[in-house]
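Everything on this sheet refers to the single structure shown next.
What you see is a predicted model, and the numbers here were worked out from it, not measured in a lab.
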Amino acid sequence: MATDTAGKISLGLERITGFLQHGFPRDPRTGLRVVHVAGTNGKGSVCALISQALIAAGYKTGTFNSPHFLEPNDAIRIQDTPIAASKYRDLRAWINSLDEQLASLHGRLSLFEQATAAALWWFAENHVDVAVVEVGMGGLRDATNVFGSAAGAPGDGFAGQSLVQCICAIDEDHVGMIGNTIEEIAQEKAGIIRPGAWVVLGAQSRSAAFQRVRQIAQRLSPTRIINLRRQPTHDIHVPQFTVKPELESVAESVTSDAPRLTVHPADELPSWATFNGTGRRCLRARYPPTTEEQGKRRSSVPVPVPTAPPAPTTDVDLPLVLAGYYQAANAGIAFYALDVLRTHCGFHQLTDTAIQVGFQNVRWPGRLAWLRLRPTGASDKSPAFSDELGNWVLADGAHNEPAAVELRKYVDTALRRFTQQRHILAGAARTLTEPPPVRWVVGFTRGKDVAAILTQLVRPGDAVWAVPFSQPDEMPWISCTDTAEIASQVEAAFPGMPLTQFASLAAAVEQLRADRTAKCLTVLCGSLYLTADLYRELGVRPFAAPEV
């Protein structure tokens with residue numbers, strides 16, 4: 001993805017491939033092994049799941065996400081720790097000077113292309129075992145689409161090895177920029193598929209998108225497609241499921257100096273939000289055993305297509321920690337990508353237990369995240385913190401209609417659970433018989449269909465607070481919809497809906513803190529940039545502090 005001086009998006013690979021080949025002292029892609037992830041929704045979750053499993057297995061893992069969350073440097077992480085801000089600034093300044101010296105006929109690198117180059121150089125310099133790379137926009141012409149296949153580069157300008165390509169759920173987003181129809185959008189996203197490489201094709205709600213991606217995959221890599229529509233995975237309820245790595249035997253293929261598998265404590269949630277996201281749900285995934293080691297999945301060479309009847313299958317239960325029932329589909333994509341890595345690419349330490357631990361440890365900020373509203377001077381252990389609705393904000397980066405549908409499903413389930421529990425307020429017990437209303441704190445990127453998104457969210461009795469978000473660093477093409485425009489669309493689509501405009505998110509948070517006893521649930525959504533602003537406002541730092 002690239003932008004011109006006006007901040008408009010201009011897709012293409014000429015600038016980035018030319019710079020990687022001729023701008024750096026050496027091409028950082030040489031020697032890099034990559035998992036590449038594209039799609040409309042779910043890319044970040046899939047990257048987080050894959051990365052955490054690889055880290056749990058003892059592999060030095062680089063992760064590059066787009067967009068960044070709080071700061072530009074947090075998009076580039078090794079072992080889930082961002083590159084230090086000072087090192088990132090120095091690296092970007094160096095890349096900018098190299099780009100100026102190169103004076104490419106195709107023009108200067110965009111900000112996103114510079115960030116992509118910085119990530120690849122940082123991963124190469126730190127000798128990561130594998131890099132998990134999220135597509136920025138589309139796929140075919142995105143700046144991350146610069147890797148060759150595991151068998152070799154498919155053409156000029158490509159290098160490194162894209163071991164497996166994951167295609168997540170595809171829907172109509174960025175219409176007009178990466179395509180005008182769902183078929184065109186799907187074709188753009190399938191552009192990351194490499195000849196002869198492994199492709200994990202996630203389930204698609206849009207049949208036209210599925211057909212187009214499958215056609216491309218069958219043309220380029222017909223014998224290495226893992227179609228999740230055909231995989232017997234099930235989202236199951238396992239109340240007592242826990243990961244206990246200390247009780248598991250370690251395979252002989254795992255080196256003796258491999259780190260001990262460690263399960264990190266789960267985030268604290270209100271009691272009525274523990275219906276998922278706490279290990280109570282699992283994805284039961286099934287895979288065929290290898291020819292020589294049934295059930296162990298340790299072979300490092302491709303397994304030939306069997307002519308005999310298939311051997312008995314093996315199941316593995318994978319904890320679903322990320323909230324939202326749609327995460328089962330993302331977990332399926334991540335698991336089968338990991339299975340390709342351990343079965344065909346030599347990542348032998350990816351035992352079932354390591355994958356379970358990674359899935360248990362995964363965190364992905366800004367997606368169905370429960371955040372406390374700390375009153376001034378209060379701590380997390382203050383008695384003021386109860387399970388009352390007014391003490392919590394549910395923050396989600398839902399910015400399109402499909403994501404809004406899933407958010408509403410989650411909210412409905414949470415509210416039903418709340419009505420099933422007995423709550424204490426002002427010394428008296430009470431139980432709600434009807435789900436309480438929702439206060440929607442929303443902000444949108446300019447160009448979004450506000451009314452269409454809110455139609456999936458709001459219900460009678462709800463209220464809308466319109467707020468702006470801050471300008472994201474290094475993303476001049478992003479602009480915030482005016483609160484007056486949001487209000488206009490809300491008034492037209494929902495006559496009589498209670499509506500409040502705020503000059504800033506800080507003003508809205510101040511009002512929330514003053515009104516914590518309100519008998520409604522507060523949900524903030526509409527843009528990941530707005531969600532990041534809430535994290536900053538509440539002082540929540542989701543990633544480990546980098547080394548200085």
Side-chain angles (χ1 to χ4, degrees), residues 41-42 45 205 234-241 266-284 319-331 364 366-373 385-398 400-426 428-442 453-465 494 497-498 512 515-526 531 534:
N41 292 317
S45 297
S205 61
H234 305 281
D235 185 355
I236 62 174
H237 183 70
V238 186
Q240 304 301 321
F241 183 85
D267 293 335
E268 186 179 0
L269 300 174
S271 63
W272 38 270
T274 58
F275 57 91
N276 69 3
T278 58
R280 295 172 184 264
R281 290 169 51 237
C282 288
L283 177 74
R284 179 161 292 168
L320 294 171
V321 171
L322 297 177
Y325 288 107
Y326 60 88
Q327 289 293 356
N330 294 331
W364 190 227
R367 283 77 171 178
L368 294 178
W370 293 96
L371 302 178
R372 287 182 180 271
L373 282 172
F385 285 130
S386 68
D387 278 347
E388 287 302 318
L389 285 167
N391 285 324
W392 297 90
V393 176
L394 175 61
D396 189 68
N400 54 35
E401 289 184 71
V405 169
E406 296 299 331
L407 172 57
R408 184 68 224 194
K409 290 178 184 177
Y410 182 83
V411 167
D412 286 341
T413 305
L415 294 180
R416 285 196 300 270
R417 288 277 298 182
F418 186 81
T419 61
Q420 295 168 1
Q421 298 197 14
R422 185 170 176 265
H423 300 274
I424 306 299
L425 180 62
R430 68 175 175 82
T431 300
L432 296 178
T433 58
E434 296 292 334
V438 179
R439 176 169 45 200
W440 300 94
V441 182
V442 299
I453 296 172
L454 289 179
T455 296
Q456 304 296 337
L457 296 173
V458 300
R459 301 291 183 268
D462 290 352
V464 175
W465 288 10
F494 313 100
M497 174 71 63
L512 289 175
D515 194 28
R516 288 188 302 112
T517 59
K519 298 177 183 179
C520 65
L521 173 64
T522 299
V523 181
L524 179 140
C525 64
T531 305
L534 181 63

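Residues satisfying the salt bridge (Lys or Arg N to Asp or Glu O under 4.0 Å) criterion with E406, sequence neighbours excluded, are K409. Residues passing the salt bridge (Lys or Arg N to Asp or Glu O under 4.0 Å) test with R284 are D317, sequence neighbours excluded. Remark: A328 engages D235, R281, L283, L320 in a side-chain contact (heavy atoms from CB on, under 4.5 Å) (not counting sequence neighbours). The salt bridge (Lys or Arg N to Asp or Glu O under 4.0 Å) test applied to R439 returns D515, not counting sequence neighbours. With sequence neighbours excluded, no residue satisfies ring pair (Phe, Tyr, Trp, His ring centres under 6.0 Å) with W440. Applying the side chain to side chain donor-acceptor pair (under 3.5 Å) test to D396 and every residue at least two apart in sequence or in another chain returns nothing.
Using cut-offs of 30° and 60° for the angle between ring planes, the Y410 and W370 rings count as tilted.
Under the 4.5 Å side-chain criterion, counting only non-hydrogen atoms from C-beta, W392 is not in contact with L373. Taking the side chain as every heavy atom from C-beta outward, Y326 and L407 never approach each other to under 4.5 Å. Side chains of V464 and M497 form a contact here, defined as non-hydrogen atoms less than 4.5 Å apart. You'll find the side chain of V438 stays beyond 4.5 Å of the side chain of V458, heavy atoms only. Taking 4.5 Å as the limit, some side-chain heavy atom of P436 sits within range of a side-chain heavy atom of L415.
Taking a cutoff of 4.0 Å between a charged side-chain nitrogen and a carboxylate oxygen, R408 and D412 qualify as a salt bridge.
Atom-to-atom distance recorded for C282:SG and H237:NE2 is 10.0 Å, nearest 0.5 angstrom.
Smallest separation of non-hydrogen atoms from G461 and P437: O-CB, 3.3 Å. Annotation for C525 and L457: closest pair SG-CD1, 3.7 Å, computed over non-hydrogen atoms. Nearest approach of L322 to W364, heavy atoms of both residues: CD2-N, 3.8 Å. Heavy-atom minimum distance, A323 versus L368: O-CD1, 3.3 Å. Closest approach of N41 and A403 over heavy atoms only: ND2-N, 4.1 Å.
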Stepwise side chain to side chain donor-acceptor pair (under 3.5 Å) test for Q327 and S45: CA-CA 8 Å; Q327 289 293 356; S45 297; 3.1 Å; yes

Determine whether L394 and L524 satisfy the following criterion, side chain to side chain contact (heavy atoms under 4.5 Å, CB included), listing intermediate values before the conclusion. CA-CA 6 Å; L394 175 61; L524 179 140; over 6 Å; no

Take L389 and F418, measure what side chain to side chain contact (heavy atoms under 4.5 Å, CB included) needs, and give me the verdict at the end. CA-CA 9 Å; L389 285 167; F418 186 81; 3.7 Å; yes

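Each of L534, T522, V523 was evaluated against V441; a single residue qualifies, T522, per the side-chain contact (heavy atoms from CB on, under 4.5 Å) test.
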